[in-house]
Amino acid sequence: MQEIYDQLKEKVIKGDQNGARELVQKLLDGGENAKAIIDTALVPAMDVVGDKFQSQEFFIPELLVAARAMEGCLTLLQPLLAASDAKPAGVVIIGTVKGDLHDIGKNIVAAMLKGAGFHIVDLGIDVSPAGFVDAIKANKPDIVGLSALLTTTMKSMKDTIEAISAAGLRDAVKIMVGGAPLTQDYASEIGADGYSPDAAQAVKLAKGMMG
Ligand code: B1M
């Protein structure tokens, strides 16, 4: 199996969506589970892509085709993540904050929360503070999840939390933040109720927030 995981990682790095999807299917047929496939091959592949981008070996087109290959694999895996449990656990609004277009990690978190029984309202990417406020009014969630992948858009999380407070809704929701550049310190500084470094811990955090 390790050999197939290695091949899958390479296919994602090269942006070969069809080849990657075939290998995901092969792993699933061999009894591997969705979370292991994401953690062992897909996330490490994106880390390599990020490193290559930083060292200017890769540019935006390579970043995009790799992301599409990853997304193609996730369409096979997300239903499996979401099917692992059925008990309704609470309502979560989730979105990538204003100025930020990265959604692969946010989508994994949403799928895992769904799998843990939460009802998910996914607002998508580049969501303004007002967009979150309107969605809270419309959906009355227990938890609001904010995702950011850029150091430049972390500030949008602060703006969003401030907008939620200004709308008088801060005490009505728990706010969870995550994304590669975030830290627990930053989360505390901007007044979030919780920070999670990955999707599995996001589920634990959300369950904890529901008491
Ligand atoms: Co961009 N990008 N990107 N990118 N990109 C990064 C983030 C970068 C680190 C690459 C690098 O330089 N090494 C860098 C950011 C540098 C920084 O700010 N420190 C970067 C840059 C610079 C940019 C652009 C500015 C490039 C440019 O245009 N010059 C541009 C910005 C566009 C914008 O957003 N306005 C840009 C664009 C893009 C693409 C559109 C091409 C594409 C995104 C496609 C998509 O998402 N649909 C892309 C990609 C693919 C990446 C990398 C390679 C991979 C991101 C990813 O999907 N990781 C990334 C490098 C990297 O991360 N290694 C990079 C896999 C994913 C599963 O992990 O998202 O961290 P992650 O999610 C994890 C956890 O963080 C956590 O759980 C998830 C699952 O375990 N988590 C949460 C995430 N959200 C959470 C929310 C929670 C809880 C946990 O609660 C609510």
Side-chain angles (χ1 to χ4, degrees), residues 9 12-15 17 34-75 77-78 81 90 92-116 118 120-128 132 141-157 160-161 173-184 186-187 190 192-209:
K9 190 173 157 190
V12 173
I13 293 167
K14 291 195 175 118
Q17 181 173 164
K35 191 172 176 305
I37 295 171
I38 290 171
D39 290 346
T40 314
L42 302 185
V43 171
M46 295 317 276
D47 285 340
V48 173
V49 172
D51 290 344
K52 285 181 185 288
F53 179 70
Q54 212 155 20
S55 63
Q56 301 196 334
E57 189 182 331
F58 275 11
F59 296 93
I60 298 290
E62 287 89 353
L63 215 62
L64 270 174
V65 287
R68 285 196 192 125
M70 168 109 181
E71 283 159 7
C73 295
L74 287 177
T75 56
L77 298 172
Q78 273 164 349
L81 290 176
V92 180
I93 281 182
I94 191 165
T96 303
V97 295
K98 187 168 172 50
D100 202 317
L101 308 178
H102 296 83
D103 66 356
I104 293 173
K106 183 263 296 167
N107 292 344
I108 296 175
V109 172
M112 296 268 293
L113 286 170
K114 202 170 170 191
F118 287 89
I120 303 297
V121 181
D122 188 342
L123 304 181
I125 54 174
D126 193 17
V127 183
S128 67
F132 278 102
D142 302 290
I143 298 171
V144 177
L146 310 178
S147 180
L149 260 284
L150 299 171
T151 44
T152 48
T153 56
M154 287 162 64
K155 164 83 168 52
S156 298
M157 289 185 157
T160 303
I161 295 175
V173 293
K174 296 282 186 197
I175 299 180
M176 180 200 307
V177 296
L182 293 200
T183 59
Q184 178 60 59
Y186 186 74
I190 62 175
D193 296 302
Y195 155 75
S196 161
D198 59 43
Q201 290 189 56
V203 171
K204 282 191 196 149
L205 183 61
K207 284 183 173 169
M209 284 175 165

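Counting starts at 1 for both ligands and their atoms, following the listed order.
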* Going by the side-chain contact (heavy atoms from CB on, under 4.5 Å) test, name the single residue among D198, I37, I38 that passes it with V43. => I38
* Structure fact -> To the nearest 0.5 Å, atom CG of L64 lies from atom CD of E71 at 9.0 Å
* Which protein N, O or S atoms lie under 2.8 Å from atom 1 (Co) of ligand 1? -> H102 NE2
* Is there a protein heavy atom less than 4.0 Å away from atom 26 (C) of ligand 1? -> yes
* Atom indices of ligand 1, in the order listed, that fall short of 4.0 Å to a heavy atom of G105 -> 66 (C), 67 (C), 69 (O), 71 (P), 72 (O), 78 (C)
* N/O of E71 under 3.5 Å from N/O of ligand 1, yes or no? -> yes
* What atoms of ligand 1 come within less than 4.0 Å of a heavy atom belonging to I108? -> 67 (C)
* Kindly confirm or rule out an N or O of V109 lying under 3.5 angstrom from an N or O of ligand 1. => no
* Structure fact -> To the nearest 0.5 Å, atom CE of M112 lies from atom CG of L81 at 6.0 Å
* For the atom pair NZ (K98) and OG1 (T153), what is the distance rounded to the nearest 0.5 Å? -> 11.5 Å
* To do: Go through ligand 1 atom by atom and flag the ones less than 4.0 Å from a non-hydrogen atom of V43.
  => 67 (C)
* For D47 and ligand 1, answer yes if some heavy atom of the residue is under 4.0 Å from a ligand atom, otherwise no. => yes
* Structure fact -> the protein heavy atom lying closest to atom 85 (C) of ligand 1 turns out to be G178 C, 3.5 Å
* Counting from 1, what ligand 1 atoms have a heavy atom of A67 closer than 4.0 Å? -> 44 (C), 50 (C)
* If you measure from CD1 on I94 to CG on L113, what distance do you get to the nearest 0.5 Å? -> 6.0 Å
* May I ask which of P181, G145, G95 has a heavy atom nearer to atom 91 (C) of ligand 1 than the others do? => G145
* **Test side chain to side chain contact (heavy atoms under 4.5 Å, CB included) applied to A187 - qualifying residues, sequence neighbours left out** => V177, Q184, A192, Y195
* Which residue and heavy atom of the protein sit nearest atom 28 (O) of ligand 1, plus the separation -> I60 CD1, 3.5 Å
* Asked: Tell me: protein heavy atom nearest atom 45 (C) of ligand 1, and distance?
  -> D103 OD1, 3.5 Å
* What residues, two or more places apart in sequence or in another chain, satisfy side chain to side chain contact (heavy atoms under 4.5 Å, CB included) together with Q56? -> F59
* Mark whether atom 65 (C) of ligand 1 lies under 4.0 angstrom from at least one protein heavy atom. => yes
* **Pairs where residues 100-112 contributes a residue and the test salt bridge (charged side-chain N to carboxylate O under 4.0 Å, His left out) is met, not counting sequence neighbours** => K106-D122
* To do: Mark up the atoms of ligand 1 that fall under 4.0 Å of a heavy atom belonging to Q54, in ascending order.
  => 13 (N)
* Asked: Among protein heavy atoms, which sits nearest to atom 57 (O) of ligand 1, and what does the distance come to when rounded to 0.1 Å?
  -> I104 CB, 3.3 Å
* With rounding to the nearest 0.5 Å, note down the distance linking CD1 in I104 to CE in M70. => 5.5 Å
* **Protein residue, atom and distance nearest to atom 90 (O) of ligand 1, heavy-atom basis** => M176 SD, 3.4 Å
* Which of the ligand 1 atoms, numbered from 1, are nearer than 4.0 Å to a heavy atom of G179 -> 75 (O), 81 (N), 82 (C), 83 (C), 84 (N), 85 (C)
* Quick check: does T151 get an N/O under 3.5 Å from an N/O on ligand 1? -> yes
* Is atom 74 (C) of ligand 1 in close reach of the protein, with a heavy atom under 4.0 Å away? -> yes
* Starting from atom 50 (C) of ligand 1, find the nearest protein heavy-atom neighbour and note its residue, name and distance. => M46 CE, 3.4 Å
* Determine, counting only non-hydrogen atoms of the protein, whether one lies under 4.0 angstrom from atom 8 (C) of ligand 1. => no
* A111, A180, A199: member with heavy atom nearest to atom 70 (O) of ligand 1 -> A180
* Asked: Is there a nitrogen or oxygen of D198 sitting under 3.5 Å from a nitrogen or oxygen of ligand 1?
  -> no
* Structure fact -> The atoms of ligand 1 lying under 4.0 Å from a heavy atom of D100, numbered in the order shown, are 34 (O)
* S147, any N or O under 3.5 Å of ligand 1 N or O -> yes
* Asked: Judged by non-hydrogen atoms, does P197 sit under 4.0 Å from ligand 1?
  -> yes
